[in-house]
Amino acid sequence: MNSEKLAAFRKRVLEQGKLLYRDLPWRNTRDPYAIWISEVMLQQTQVSRVDGRWQHWMQRFPNVPTLAAADSADVLDEWQGLGYNRRALSLHRAAQQLMDRAHSDSERSVEHAFESAEFLDSHFPREIADLVSLPGIGAATAAGIRAFAFNLPSIYVETNVRTVFLHEFFPEQHKVSDAQLIALVEKTCPADASNPADDPRSWYYALLDYGAYLKKTLPNPSRRSATHAKQSQFEGSHRQKRAALVRILLQVRRDKQALDELSLALLLNEHEHKAGRPDVEKGEFSQILSELQKEGFCHKTAAGWQA
DNA sequence: TGTCCACGTCT
DNA sequence: AAGACGTGGAC
């Protein structure tokens, strides 16, 4: 790949990015906490579904200390409708870890109150290794936080970025590996922010917006990525039952203020612990549900269990 | 009506 | 390293 070709590509993406720029609410802040929340919400989720939910979350849990102090059931409750509950529980746990880190930092710099949001923001991790050590933050989310909150260069590979590189450099080619894409992403990301119109933040906004546009107008090019996988069947799956159970528990808690906080939190932690594993014990869901039914919290209908 | 599809993180 | 994980819009 010669440098003229790369320069032409960069110019094209920047131009497209300008034309297609989306003025999304989480792009009008530099608060790393707010951007972190948006990145996690946007994992596997369309922009249209996050818009509104992000704002609501920010009202309810405006900063790291608020989120860390929240009850895990309230965090789940706020998350309902976004899918993949484990992301909400990871957010909650990560916030608590950040508080722990801030606490130990403030022992060394006592002039800062460790409870203050400003202190935490200035201590929000910006190194890849520190970000990735938090639950729910992988390579992509870490790079996104670095670019959008701190304007720092990284290799940000997610579906829209894949789409652009697949479309521009690998037309027609199938099963393109991430290693091939990463090499190009690394080569093209601006490494210093001296030119304000061409920095990591603007660069990745442009890539995201151009990629989203390509997905709308073409058969999704990112299907040609080697990482693209067909999802397993939802109907009749454990995760369908688990989702129903969480919904019912939260509904019961909202409506009747029954179910004490602690037992619900324990149950939800259990749920979190088991997520991602296929070894959930047989009959566990129906057992919990029939116990709840005995206490009059829910009942079985033709459509399934209801609160 | 159901079936397919959107996909990053974790184990 | 293959597969689980939630929800709702598109068709």
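Each chain gets a letter, A, B and so on, in the order the sequences are listed, and its residues count up from 1. These numbers come from a predicted model, not from an experiment.
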Legend entry - Residues that, via side-chain heavy atoms closer than 4.5 angstrom, fall in one hydrophobic cluster with A:V132: A:I128

Legend entry - With A:Y204 via ring-ring contact (aromatic ring centres under 6.0 Å, His included) - residues at least two apart: A:Y156

Legend entry - Nearest-angstrom distance from the residue atom CG of A:D51 to P of C:dG9: 14 Å

Inset, instruction - Mind checking salt bridge (Lys or Arg N to Asp or Glu O under 4.0 Å) for A:E15 and listing every partner two or more places apart, or none if nothing turns up? - result: A:K11

Legend entry - Donor-acceptor pair between A:S133 and A:R101 side chains, under 3.5 angstrom: yes

Contacts under 3.5 Å, N or O only, protein and nucleotides 4-6 of chain B:
residue: B:dC5; atom: N4; partner: A:Q231; partner atom: NE2; Å: 3.3
residue: B:dA6; atom: OP1; partner: A:R223; partner atom: NE; Å: 2.9
residue: B:dA6; atom: OP1; partner: A:R223; partner atom: NH2; Å: 3.1
residue: B:dA6; atom: N7; partner: A:Q231; partner atom: OE1; Å: 3.4
residue: B:dA6; atom: N6; partner: A:Q231; partner atom: OE1; Å: 2.6
residue: B:dA6; atom: N6; partner: A:Q231; partner atom: NE2; Å: 3.0

Inset, instruction - Identify whether any heavy atom of A:E39 sits under 4.0 Å from a base atom; if not, whether one sits that close to sugar-phosphate; answer base, sugar-phosphate or nothing. - result: nothing

Inset, instruction - Check the distance between B:dC7's P and A:R224's CZ and give it to me in whole angstrom. - result: 14 Å

Inset, instruction - Could you check how far CZ of A:R53 sits from P of C:dG9, rounded to whole Å? - result: 12 Å

Inset, instruction - Could you measure between the two P atoms, the one in C:dC11 and the one in B:dC7, and give it in whole Å? - result: 15 Å

Inset, instruction - Report the distance from atom CG of A:N85 to atom P of C:dG6, rounded to the nearest whole Å. - result: 5 Å

Inset, instruction - Could you go through the salt bridge (charged side-chain N to carboxylate O under 4.0 Å, His left out) check for A:R27 and A:D209 one step at a time? - result: CA-CA 12 Å; A:R27 290 184 176 185; A:D209 293 343; 2.9 Å; yes

Inset, instruction - Grab the CG-P distance between A:L42 and C:dG8 for me, whole Å please. - result: 16 Å

Inset, instruction - Send over the distance from A:I37 CD1 to B:dG8 C1', rounded to a whole Å. - result: 16 Å

Legend entry - Stems where DNA chain C pairs, listed by first number, each of three or more Watson-Crick or G-U pairs under 3.5 Å: B:2-6 with C:7-11, B:8-11 with C:2-5

Legend entry - Inter-nucleotide P distance (C:dG6, B:dT11), Å rounded: 13 Å

Inset, instruction - Check the pair A:S48, A:D51 against side-chain hydrogen bond (donor to acceptor under 3.5 Å, both in side chains), reporting the backbone distance first and the verdict last. - result: CA-CA 5 Å; A:S48 60; A:D51 198 358; over 6 Å; no

Inset, instruction - Mind calculating the distance between CZ (A:R87) and P (C:dA4) to the nearest angstrom? - result: 18 Å

Legend entry - Distance test, side-chain N/O of A:T141 to OP1/OP2 of B:dT9, below 4.0 Å: yes

Legend entry - Interatomic distance where CG belongs to A:N160 and P belongs to B:dG8 [whole Å]: 9 Å

Inset, instruction - Answer yes or no on whether A:R224 is positioned over the face of A:F170, meaning its NZ or CZ is under 6.0 Å from the six-membered ring centre and within 45° of the axis. - result: no

Legend entry - A:I137 vs A:T45, nearer the 5' end of DNA chain B by closest nucleotide: A:T45

Legend entry - Contacts of type ring-ring contact (aromatic ring centres under 6.0 Å, His included), residue A:W79, not counting sequence neighbours: A:W57

Inset, instruction - Check whether the side chains of A:S202 and A:D199 place a donor and an acceptor atom closer than 3.5 Å, and report yes or no. - result: yes

